[in-house]
Amino acid sequence: MKRRSFLKAVAVAAPAAGLQDFLVARAKAQAPTPPSPAPLHVVLAGEDRSAHPHSLGFSSILFKVPANETAGGLFVMEHTHLLPGGPPLHLHLNQEEWFYVMEGEVAFQVGEQRVHLHPGDSVLAPLRVPHTFSSVGPTPARMIIAFSPAGKMEQYFRDAETAREHAGDADFMARYELERVGPSPFWKA
């Protein structure tokens, strides 16, 4: 290679090499550091994550996985001492709701279908499909309920506890992206 060609090649490559080193160093400096592991939060049987059980009158509610621990992706709660009654027929505008029966017998209506579930059984109420449930066995039931994504469901249960007489009202439910469809078919007249 002639000297002149060599000098031209070095003159062109040197700035590019310097820029490349600069960009690599900058990218390393701006790379996000991996998050440190979140502290382990164990919620024991019969306990609420915030140590404050909740109630809507037809059951006791224990928050097991609050929405803020999953970046809003999931909210999990446990219904204990579930009595006959349950919520009005409703649907969620933005959540799917999964039910897992742990004790007792629970009747569900999901869409037009009605089923009776026992311990170990589960059912999914898909997004925007009307659903409701009620304990129907001789003893109170217990079940796990999960909402995905969490949406405003945790706040609904917090606010409904202090406004029980309005928890099933269409206007109250609408604030939490719930739509009341009608009364529960399981309510006794």
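Residues: numbered from 1 along the sequence shown.
A distance of 11.5 Å separates CE of Met143 from OG of Ser122, quoted to the nearest 0.5 Å. Going from atom CD of Glu105 over to atom CG of Asp121 covers 10.0 Å, rounded to the nearest 0.5 Å. With rounding to the nearest 0.5 Å, the separation of OG1 in Thr80 from CZ in Arg142 is 8.0 Å. Met153 contributes atom CE, which lies 4.0 Å from atom CZ of Phe147 (distance to the nearest 0.5 angstrom). Here CG of Leu83 is found 9.0 Å from OG of Ser134. Values are rounded to the nearest 0.5 Å. Note that NE2 of His90 is 10.0 Å distant from OG of Ser184, once rounded to the nearest 0.5 Å.
Remark: the backbone N or O of Ala67 is paired with a side-chain donor or acceptor of Glu154 at under 3.5 angstrom. Side chain of Gln109 to main chain of Gly111: a donor-acceptor pair is present (N/O by atom type, distance under 3.5 Å, no hydrogens or angles). Between the side chain of Ser135 and the main chain of Val106, no donor-acceptor pair closer than 3.5 Å is present. Judged by distance alone, the side chain of Trp187 and the main-chain N or O of Pro88 form no donor-acceptor pair under 3.5 Å. Not a single donor-acceptor pair under 3.5 Å links the side chain of Lys64 to the backbone N or O of Phe75. A distance-only check finds a donor-acceptor pair linking the side chain of Arg128 to the backbone of Leu93 [under 3.5 Å]. The backbone N or O of Tyr156 lies less than 3.5 Å from no partner atom in the side chain of Asp159, so there is not a single donor-acceptor pair.
Using modelled atom types, one finds a donor on one side chain and an acceptor on the other under 3.5 Å when comparing His92 with Glu97.
Ring planes of His79 and Phe157: perpendicular class, angle over 60° (limits at 30 and 60°). Below 30°, between 30° and 60°, or above 60°: for Tyr100 and Trp98 the angle between ring planes is below 30°, a parallel geometry.
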Side chain to side chain contact (heavy atoms under 4.5 Å, CB included) between Ile144 and Val76: does it pass, once the steps are laid out? CA-CA 7 Å; Ile144 295 289; Val76 179; 3.7 Å; yes
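Listed here is the closest heavy atom pair of Leu89 and Pro183: CB-O, 3.7 Å.
Heavy atoms of other residues, nucleotides or ligands lying less than 6.0 angstrom from CG of Asn68 number more than 12.
Cation-pi contact between Arg158 and Phe63: absent, since separation from the ring centre below 6.0 Å together with deviation from the ring axis within 45° is not met.
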